[in-house]
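Beneath this line is the structure, given in structure tokens, with notes to follow.
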There are 2 protein chains.
Amino acid sequence: MGSKSDIPIALRAAYLALHRCSDAAFAAQGITADQFVLLATLARGDALTQRELARRMSSDPSTVRAMLVLLERLGLVKREGHPTDARARTVALTAAGKRKFRKLWAAGEPIRSQMFDALNPGEAPLLVQLLNRIATALNEASISVGQPPSFNSHEVEP
Amino acid sequence: MGSKSDIPIALRAAYLALHRCSDAAFAAQGITADQFVLLATLARGDALTQRELARRMSSDPSTVRAMLVLLERLGLVKREGHPTDARARTVALTAAGKRKFRKLWAAGEPIRSQMFDALNPGEAPLLVQLLNRIATALNEASISVGQPPSFNSHEVEP
DNA sequence: CTGAAATCGTGCGTATACGCATGAATGCGA
DNA sequence: TCGCATTCATGCGTATACGCACGATTTCAG
């Protein structure tokens, strides 16, 4: 066994570590790591359909729906009927959601720095590129079963 | 926003893609991606305590316990009292577990190849190194709350 | 030796991941 | 135009992630 089987292992370990750290960092705000991902994705601009939101956060629509129910109840997001498509609903941050996001963004800064500082100059963009390539390859391999998530580097996480 | 906030996003996307693909690949065997991780970790050698198993697969002990209950019921793992520590139990693959693992390892081969082939020569070991550094940095940042998982590159995943 | 701290597994509660199924709406081809 | 395929959100069931609490056992410091 060598590098080939090391990739999934290292990927899993890194991701779970990130997830754990993020959960802890946002706990004081009563928000989980994944809720932050959702809020951050919405903070990026216009209202999105649930489907588009799920795509942008690389998540399953079913999961996103459950999360939205929860966050809507907390008053951080609002869902409205889509202007032109009766099947869809648009999701956007509320004013409270925007305020909460700003605090969360600051709370996530140490984590982003720890990851960035663990790398040498120039390695961060390289890592991002490699990971995106992996994600693309795996999503394309399963393209016959559904639309791959869109990868938009402007989306944010801790 | 730039590379610094891109890292968590790319990491999440890559991991979830891997997880999804793996789940699909092992579904025919009635095994999930995470169950494969557990079985693969045990396939590496001697019986482990639950705590050590959880560490080696970068998982939470509570989660591992629930998984073991399930896999024990399926007859793929067995848990026994620890020879010297009355608090602990050791976990090992059964013969059926070993047979199942061999099939799963083969089923995961296409996924490992897809990831590997998405990279240029020399990039795989680099990616693994970068990911391990990230994981280490994040785990050390939270070391005050507990023992970090051990990172053993010999452990396997799809 | 003794008491406190640490460790082990267990279980609970909450959150997330995702396949599958469903009904309603939209898009597309004949 | 019409019927079929696709898309959207919803909800269910199963699995996993993890903090927290607990009881039992082991380790450690005085």
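Naming convention: chains lettered A, B, ... in sequence-line order (proteins, then strands); numbering from 1 in each chain. Values below: every heavy atom of this structure, side chains too, minus hydrogens, waters and symmetry copies.
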Original post:
Mind checking whether A/D85 and A/T49 have side chains closer than 4.5 Å, heavy atoms only?
Top reply: no
Original post:
Could you give the distance from CE (A/M57) to CZ (A/F36), rounded to the nearest 0.5 Å?
Top reply: 11.0 Å
Distances under 3.5 Å between protein N/O atoms and the N/O atoms of nucleotides 1-5 of chain D, please, pair by pair.
none

Original post:
Is B/Q50 near enough to C/dT10 that one of its side-chain N or O atoms lies under 4.0 angstrom from OP1 or OP2?
Top reply: yes
Original post:
Side-chain donor-acceptor pair under 3.5 Å between B/E109 and B/S113, yes or no?
Top reply: yes
Subject >> Nucleotide D/dA15, atom P - distance to CZ of B/F26 in whole Å >> reply: 17 Å
**OP:** To the nearest 0.5 Å, tell me how far B/M67 CE sits from B/L39 CG.
**Re:** 8.0 Å
Original post:
Does some side-chain heavy atom of B/V64 sit less than 4.5 Å from a side-chain heavy atom of B/R51?
Top reply: no
Mind listing the N/O atom pairs, protein and nucleotides 25-27 of chain D, below 3.5 Å?
| from | atom 1 | to | atom 2 | distance (Å) |
| --- | --- | --- | --- | --- |
| D/dT26 | OP1 | B/A86 | N | 3.1 |
| D/dT26 | O4' | B/R87 | NE | 3.4 |

**OP:** Walk me through it: do B/H19 and B/D34 pass the test side chain to side chain contact (heavy atoms under 4.5 Å, CB included)?
**Re:** CA-CA 8 Å; B/H19 200 269; B/D34 294 286; 2.5 Å; yes
Subject >> Exercise: do A/S59 and B/R12 side chains pair donor with acceptor under 3.5 Å >> reply: yes
Original post:
To the nearest Å, how far apart are B/L18 CG and D/dT16 P?
Top reply: 15 Å
Original post:
Among C/dT10, D/dT16, C/dA15, which is the nearest nucleotide to the side chain of B/T32?
Top reply: D/dT16
Distances for protein N or O near nucleotides 17-20 of chain C N or O, under 3.5 Å:
| from | atom 1 | to | atom 2 | distance (Å) |
| --- | --- | --- | --- | --- |
| C/dA17 | OP1 | A/D34 | OD1 | 3.3 |
| C/dC18 | OP1 | B/R20 | NE | 2.7 |
| C/dC18 | OP1 | B/R20 | NH2 | 3.2 |
| C/dC18 | OP2 | A/D60 | N | 3.4 |
| C/dG19 | O6 | A/S62 | OG | 3.0 |

Original post:
Roughly how far apart are A/T41 OG1 and A/L48 CG, rounded to 0.5 Å?
Top reply: 8.0 Å
**OP:** Please state how far atom CG in A/L48 lies from atom C1' in D/dT7, giving the value in whole angstrom units.
**Re:** 17 Å
Subject >> Min side-chain heavy-atom separation B/L38-B/L68 under 4.5 Å >> reply: yes
Subject >> Separation between CD of A/Q35 and CG of A/L76, rounded to the nearest 0.5 Å >> reply: 8.0 Å
Original post:
Any side-chain N or O of A/R51 under 4.0 Å from OP1/OP2 of D/dT7?
Top reply: no
